[in-house]
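Chain identifiers are assigned alphabetically (A, B, ...) following the order of the sequence lines, protein sequences preceding nucleic acid strands; residue numbering begins at 1 within each chain.
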Amino acid sequence: MVDLSVDLGFLKLKNPVMAASGTFGYGLEFQPLYNLNLLGGLVVKGLYFKPREGNPPPRLAESPCGLINSIGLQGIGVEAFCREILPWLADLTTAVIANVCGEEEGEYARVAEYLSRHPGLAALELNISCPNVREGGKCPAQDPEATYRTVKRVRQASSLPLITKLSPNVTDITAVALAAQEAGSQAVSLVNTFLALAIDLESRKPKLGNVLGGLSGPAIKPLAMRMVFEVARKVKIPVIGLGGIFNYQDALEFMVAGASAVQVGTANFVNPQACPEIIKGIEDWAESQGIKRLSEIVGSLKF
Amino acid sequence: MVDLSVDLGFLKLKNPVMAASGTFGYGLEFQPLYNLNLLGGLVVKGLYFKPREGNPPPRLAESPCGLINSIGLQGIGVEAFCREILPWLADLTTAVIANVCGEEEGEYARVAEYLSRHPGLAALELNISCPNVREGGKCPAQDPEATYRTVKRVRQASSLPLITKLSPNVTDITAVALAAQEAGSQAVSLVNTFLALAIDLESRKPKLGNVLGGLSGPAIKPLAMRMVFEVARKVKIPVIGLGGIFNYQDALEFMVAGASAVQVGTANFVNPQACPEIIKGIEDWAESQGIKRLSEIVGSLKF
Amino acid sequence: MFQDKNARIIKTESWGNYFLLRLAAAEIAQKSKPGQFLMIRVSPGLNPLLRRPLSIHDCSGSEVEIFFQVTGKGTELLSQKKPGDHLDVLGPCGGGFSLLPEFKDKEIFCVGGGRGLAPLYFLARELQTAGARPVVFYGGQTLSDLPLKKRLDEAGWETNFSTDDGSFGFHGLVTQLAEKELMKRKPSFLFGCGPEAMMTRLAEICQQAVLPAEFSLESIMGCGLGACWGCSRKIKKNGEIKYLRICQDGPVFPAEEIIWSGD
Amino acid sequence: MFQDKNARIIKTESWGNYFLLRLAAAEIAQKSKPGQFLMIRVSPGLNPLLRRPLSIHDCSGSEVEIFFQVTGKGTELLSQKKPGDHLDVLGPCGGGFSLLPEFKDKEIFCVGGGRGLAPLYFLARELQTAGARPVVFYGGQTLSDLPLKKRLDEAGWETNFSTDDGSFGFHGLVTQLAEKELMKRKPSFLFGCGPEAMMTRLAEICQQAVLPAEFSLESIMGCGLGACWGCSRKIKKNGEIKYLRICQDGPVFPAEEIIWSGD
Ligand SMILES: Cc1cc2nc3c(=O)[nH]c(=O)nc-3n(C[C@H](O)[C@H](O)[C@H](O)COP(=O)(O)OP(=O)(O)OC[C@H]3O[C@@H](n4cnc5c(N)ncnc54)[C@H](O)[C@@H]3O)c2cc1C
Ligand SMILES: Cc1cc2nc3c(=O)[nH]c(=O)nc-3n(C[C@H](O)[C@H](O)[C@H](O)COP(=O)(O)OP(=O)(O)OC[C@H]3O[C@@H](n4cnc5c(N)ncnc54)[C@H](O)[C@@H]3O)c2cc1C
Ligand SMILES: Cc1cc2nc3c(=O)[nH]c(=O)nc-3n(C[C@H](O)[C@H](O)[C@H](O)COP(=O)(O)O)c2cc1C
Ligand SMILES: Cc1cc2nc3c(=O)[nH]c(=O)nc-3n(C[C@H](O)[C@H](O)[C@H](O)COP(=O)(O)O)c2cc1C
Ligand code: FES
Ligand code: FES
């Protein structure tokens, strides 16, 4: 028997595989397909304080081995979430993580504070990296100082463990990761989507109603993996890796590059069974390699 | 008859399609396959002053819809180029552009100066964006000031028109483009490759001998297109777009996004006839749309 | 909701650009209702990436059928499948058409344009089984756009055909044909599926005739499960205009809730 | 060098994991020499992206053959092709084996491990045509790794087989078999192709026996045209160690120029 558990310090996961925010709804949507308690963790859709309409359609476009989205964080808001969804999620034995959004620093803090007052959450993931909500795709995670300020503010507003989700649309992602660590974040997750444009030649219009969107899926995997590798060598806090993970090999590669745990996003659409299959695949692989504790492989890249 | 010609101000191309640096050797390699004079232009492999050995193998790895390379600019150096290759290229009726490299600002200037003394070149492309030659993938194009200094220095060393090739591994590519324009660059080309990591799970080693490499190909197309769109709206000089262009639709989409001309890179490997096929496809499309002068479509995105 | 990773293709049929596939997928078949759809993975590779939504064209016992037109890479790949091949199928997704008890003995119009007929065949069959009288309208540009003609002729309910070029049936748009008949026959309900412009016109006609109607809408889809909010579209629900999910809150909506894209 | 976008597959043959394809590609066939290779696009899609290098296994008139083992996605896709399908083929790429006039009437060893036999069949045939006496060595782990046995038996030259497990022919490595025969028979030249470890050992044996030899090397390839420098490997040329291109400066190199990866 392989020990698949992951100890992030502030949180112990039964295995390293979590469903990524925005690709797994509020969790309920996948309930008909498999037992959610198989998951290492589950990050719900981004939450603002108030309900939010999101961006004009079309909101999705395909690109080679990738998906571009501009959902714009449509969602029910933190009150409805705590009232209607969280009690149900709280009964799961998997780690439930809320994805915290805000138009400005104050809103991030308010959302975090509100969520902290309700039982059932294992941690907060601070989404300072969504490219779909501000003009031109800008976000706080593109600037170490804005990152520091936002994390600090949320850190003070909530006692829940904090994971800061980083943007890949930066020159030096390690600087932003260090700022998050400095401000008291207990972990970083990376990456969010890459700012992208797709055009419909016939109409000469952007394929997305919001013009720009965020690229996810296998296309970005080597870029996300490079960033995980860079960040894991710089920070002391655990790194959660994501970006194009579609099978157990992908997940393990991220761990070898330095990720203590991983998240699976777009793959949930292509293969709704992706998460449990990846967990099973990791277990079988570790067994075949004679690995007793999976966490041994974290950062084991030979270079 | 459609007028496919492109006037970059400093240079008139017979059509907007050029072969991208490093993917077309010194041009000779494709000579057996088609008449190079069909091309709008041709950018030769990166040139340092001295011959250069390049990076340890393996130098290539595939990723989903992408190619990761860490060639490290192996090449014959500027003297051998001017002696052995350039006289032959000078006989072509297509625009021949040299890709100028340097370990530091001085070398860029020396290479540019040396090249300027030999006839046959239509322009220089300043490669300040290769992720494969410095520790950790760093390059001058990641910093507006380093960009400004390097361009300025080269500008003073050579009277040939200057195209500055930008790196996508930045927070704000428009700032770098503006710095290049400010320093006297007559055009910008974007993008060079995205810094990437691929891992072989079995050996737990990087797939590339140089650990990191640069991602090119269809996977990066929506990211490159976004950057071309952003830059074209900010600068006054022409923008040359590239990144994952594989067919005529891709090329036209880049033009609609704001590119005055395009370059075709990785596609030359997958389909050696890519460039002439794209040119033909563009012509047929323009004809079918009743477009008289192709340059009309540049930046015509409706949004 | 089931994911059948190995639904075997039992039968394929094709007419030019149109294709019909019959799949063995027992769990899915047993739960399927007219108006619901499947999310089908068109290739085991990663390009194209997303599943494709396709209506359940017919369903019986442990088998489901899809009927589709090739419009791009995904449907192209799907059209190359052969009997004996396997498909990864998720379904049944979404809600179905309303099959009300009061439809019994009433005339119910089912109006389809082109590939839009796909969900209406299953619907008409179920309406007939439930004792209603389906009247199907099937329009296309030309005769070759009506590949299901034979099948409909054999179905035992009334079908009316139209072609834009007059090569078969009524000469004109299927909306014109439906309008004409609707004025005459005063059906109790109308179900529609087809190109946006066709449905928009049909909705107008129904509104003028005060005929209740439902339409099946399309959108590019990420998950088909209600999880990504990628398929959202403005819908008027209880007087309020909101982005609702085509996949989960639809794909079938009452005419009065739909905000047509031309509006 | 030609790009034939529509080389028709005339014949396919398979043995477990090994496949043989015969292609109609007249321009390429007319220029092909033993040791050269083709760059084949395994699918019209974009994933996998790169062409795959495959040796010319045989060539006559307007037809070329490839012989390959499935080792990943690309060769898997290639293995699914059927007669009548078309392939996009670029070639002939690279330089070939040295076919010297002085080989006439001499014994020339051709030593292949597994799929490494691919280029040696064409080579042996040309050697024989030129009046030399090819002696082929073909080794594998077990009998099923020797799918070309029958073909070689019928070829009219001497072939010696080895299997690691002794299930057929010499019991042991093909390098051991070749060494034994080489000591006895003193051939004039040796050509080798196979796994790196096998070729490394063979090169040692040749050096000790002062036997001139050439080996065909492998590398992942971008263009196959000498344009990308992605296939480079350290080679000793005129005493100088440089990165040379396997595709263009090789794939066949004299033994003394090769720096083995174990070195
Ligand atoms: C609920 C639902 C049921 C459907 N049922 C059927 C059916 O029974 N038969 C049938 O032939 N078609 C049906 N469609 C449409 C079908 O899903 C699309 O034609 C198909 O996904 C296009 O994929 P492609 O790869 O061939 O085209 P692509 O190359 O992806 O695109 C070609 C064109 O189709 C558009 N398109 C892409 N995805 C969709 C989509 N999900 N919906 C609408 N347009 C899209 C693109 O914007 C583009 O203009 C249905 C769509 C929905 C949402
Ligand atoms: C000049 C030359 C001639 C060759 N001739 C033959 C032949 O006649 N028959 C035959 O079976 N094989 C031959 N090969 C090897 C063949 O090219 C690879 O097996 C094939 O490209 C692997 O592709 P894949 O998609 O199946 O594997 P992938 O999924 O791409 O990779 C599977 C494994 O193969 C390795 N690999 C990938 N590409 C190559 C490559 N170009 N060369 C070597 N290893 C590679 C990968 O690193 C990986 O370990 C030749 C290689 C070269 C360079
Ligand atoms: C449709 C969609 C919606 C998303 N919504 C969110 C979100 O609400 N919050 C967030 O932090 N990330 C969101 N993301 C980003 C993903 O969580 C993930 O970071 C990204 O998709 C890369 O991972 P992947 O390639 O595995 O999908 C979303 C991604 C997609 C595709
Ligand atoms: C093998 C290889 C070698 C390259 N060498 C160079 C180079 O010498 N100089 C340069 O400016 N860019 C070089 N590039 C980058 C390309 O010119 C181009 O910017 C990049 O590949 C993106 O375009 P593509 O997706 O069309 O390939 C190289 C790319 C590849 C794949
Ligand atoms: S397709 Fe994902 S919510 Fe509808
Ligand atoms: S494969 Fe491109 S130079 Fe050899």
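Considering B:Asn15, B:Ile278, B:Val17 in turn, B:Val17 is the only one that fulfils the side-chain contact (heavy atoms from CB on, under 4.5 Å) rule with B:Val262.
With sequence neighbours left out, the side-chain contact (heavy atoms from CB on, under 4.5 Å) criterion links D:Cys223 to B:Phe269, D:Leu225, D:Ala227, D:Cys228. Scanning for side-chain contact (heavy atoms from CB on, under 4.5 Å) contacts around D:Leu117 gives D:Leu120, D:Val136, D:Tyr138, D:Leu148, D:Leu152, with sequence neighbours left out. In this structure B:Ala267 satisfies the side-chain contact (heavy atoms from CB on, under 4.5 Å) test together with B:Phe246, B:Val264, B:Ala274, sequence neighbours excluded.
Between B:Ile245 and B:Met225 the shortest side-chain heavy-atom distance does not fall below 4.5 Å. Contact of the D:Ile235 side chain with the D:Ile241 side chain is not registered, since no non-hydrogen atoms from C-beta on lie closer than 4.5 Å.
Only the backbone of D:Met221 comes within less than 4.5 Å of a heavy atom of chain B; no side-chain atom from C-beta onward does. Only the side chain of D:Leu90 comes within contact range of chain B, with heavy atoms under 4.5 Å apart. For chain B, no part of D:Ile246 is nearby; none of its heavy atoms comes within less than 4.5 Å. Looking at B:Pro272, both its backbone and its side chain come within 4.5 Å of chain D, counting heavy atoms on both sides.
In terms of heavy-atom proximity, D:Phe97 sits nearest to D:Pro119 at CE1-CB, 4.0 Å.
With values rounded to the nearest 0.5 angstrom, D:Leu190 atom CG is found 5.5 Å from D:Phe215 atom CZ.
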Interchain donor-acceptor contacts below 3.5 Å (chain B, chain D):
residue, atom, partner, partner atom, Å
B:Gly25, N, D:Ala227, O, 3.2
B:Glu53, OE1, D:Tyr243, N, 3.3
B:Arg59, NH1, D:Trp229, O, 2.8
B:Arg59, NH1, D:Ser232, OG, 3.0
B:Glu62, OE1, D:Arg52, NH1, 3.2
B:Glu62, OE1, D:Arg52, NH2, 2.8
B:Glu62, OE2, D:Leu49, N, 3.1
B:Glu62, OE2, D:Leu50, N, 2.7
B:Glu62, OE2, D:Arg52, NH1, 3.1
B:Cys65, N, D:Asn47, OD1, 3.2
B:Gln74, OE1, D:Ser232, OG, 3.4
B:Gln74, NE2, D:Tyr243, O, 2.8
B:Val270, O, D:Arg51, NE, 2.8
B:Val270, O, D:Arg51, NH2, 3.1
B:Asn271, OD1, D:Gln3, NE2, 2.8
B:Asn271, OD1, D:Lys5, NZ, 3.4
B:Gln273, N, D:Gln3, OE1, 3.3
B:Glu277, OE1, D:Lys5, NZ, 3.2
B:Glu277, OE2, D:Lys5, NZ, 2.6

